[in-house]
Amino acid sequence: MLPDEVAMESRLRLVPAMVEKLRSDPELRSRIAGREAAFGIAISEALANAITHGNHNDPSRKVYVRCTFEPDAVSIVIRDEGAGFNAEKVAAPQDVGEDQSRGILLMRSCMDDIQFRTTAQKSICA
């Protein structure tokens, strides 16, 4: 079982290990059965955005991950130590192969619901 909140350093190389740590939780694993790839993509993108855009790749800053289980949903909150942003002002990528702006599009396409909060907190619901 996962602790209430897990913290990680703002290092992109740590993203795969955090995704695997989340996937290793038996409750979460059972809830995402059949959607493992979509889960991995969305969480990887959210973590990468928090590290890159929220914490500006500063390893002294942390990214926090909290997973909550509801009767019919899983809520994953990813919080960074940045100032926040307005997701509505992020332009959609003109080309799917484009690196910038693709993360939000991928998260939205992989999850049932996704919310961005200006308090530097990103919520992803599977």
Side-chain angles (χ1 to χ4, degrees):
M1 175 171 250
L2 292 169
D4 288 343
E5 187 170 73
V6 179
M8 67 179 275
E9 290 179 6
S10 292
R11 296 182 190 274
L12 288 173
R13 66 179 170 77
L14 300 177
V15 168
M18 178 58 75
V19 172
E20 287 311 309
K21 181 175 189 150
L22 293 169
R23 284 183 174 157
S24 71
D25 180 77
E27 176 72 13
L28 183 59
R29 192 172 47 245
S30 72
R31 299 279 191 108
I32 65 169
R35 298 183 64 188
E36 295 89 354
F39 172 84
I41 290 168
I43 298 301
S44 294
E45 289 294 334
L47 291 169
N49 282 353
I51 292 166
T52 304
H53 303 295
N55 290 347
H56 304 287
N57 294 303
D58 180 348
S60 71
R61 291 177 145 190
K62 303 283 187 224
V63 174
Y64 304 91
V65 181
R66 179 182 306 132
C67 188
T68 307
F69 300 105
E70 306 294 332
D72 58 350
V74 174
S75 176
I76 299 173
V77 176
I78 297 175
R79 179 173 53 89
D80 58 53
E81 295 180 345
F85 73 107
N86 183 342
E88 301 305 317
K89 292 188 176 184
V90 176
Q94 299 300 310
D95 177 0
V96 178
E98 191 178 326
D99 282 342
Q100 295 295 326
S101 306
R102 185 181 62 181
I104 292 174
L105 176 69
L106 286 170
M107 286 184 272
R108 285 188 169 134
S109 68
C110 290
M111 294 289 105
D112 295 331
D113 183 40
I114 183 168
Q115 300 170 14
F116 296 93
R117 299 188 183 135
T118 57
T119 57
Q121 183 169 299
K122 299 159 189 71
S123 299
I124 298 178
C125 300

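Residues take their numbers from the sequence shown, with the count starting at 1.
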(message) What verdict does the side chain to side chain contact (heavy atoms under 4.5 Å, CB included) test give for Thr52 and Leu12, after you've listed the backbone C-alpha separation in whole Å, the side-chain angles of each residue and the deciding distance to 0.1 Å?
(response) CA-CA 8 Å; Thr52 304; Leu12 288 173; 3.9 Å; yes
(request) Carefully, step by step, assess Lys62 and Met8 under the rule side chain to side chain contact (heavy atoms under 4.5 Å, CB included). (result) CA-CA 6 Å; Lys62 303 283 187 224; Met8 67 179 275; over 6 Å; no
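Using a 4.0 Å cut-off between charged nitrogen and carboxylate oxygen, Arg79 and Glu5 count as a salt-bridge pair.
Ser10 has its side chain out of reach of Asn57: every pair of non-hydrogen atoms, C-beta onward, lies at least 4.5 Å apart. Taking the side chain as every heavy atom from C-beta outward, Ile78 and Leu47 approach each other to under 4.5 Å. No side-chain heavy atom of Glu9 sits under 4.5 Å from any side-chain heavy atom of Arg61. With a 4.5 Å cut-off on side-chain heavy atoms, Val6 and Lys21 count as touching. Contact check for Leu14 versus Val63: no side-chain heavy atoms found under the 4.5 Å cut-off. At least one side-chain heavy atom of Phe69 sits under 4.5 Å from a side-chain heavy atom of Asp25. With contacts defined as side-chain heavy-atom distances shorter than 4.5 Å, the pair Thr68/Val74 does not qualify. Inter-residue side-chain proximity for Val77 and Tyr64 is flagged as unmet; no heavy-atom pair is nearer than 4.5 Å.
Here the shortest heavy-atom pairing between Arg23 and Leu28 reads N-CD2, 4.4 Å.
Between the side chain of Glu20 and the backbone N or O of Met18 there is no donor-acceptor pair closer than 3.5 Å. Without hydrogens or angle criteria, Asn55 side chain to Glu81 main chain gives a donor-acceptor distance under 3.5 Å.
The side chain to side chain contact (heavy atoms under 4.5 Å, CB included) test applied to Ser44 returns Val15, Val19, not counting sequence neighbours. Under the salt bridge (charged side-chain N to carboxylate O under 4.0 Å, His left out) criterion, Glu70 pairs with no residue, sequence neighbours left out.
Taking CD1 from Ile43 and CD1 from Ile76, the interatomic distance works out to 4.0 Å, rounded to the nearest 0.5 Å.
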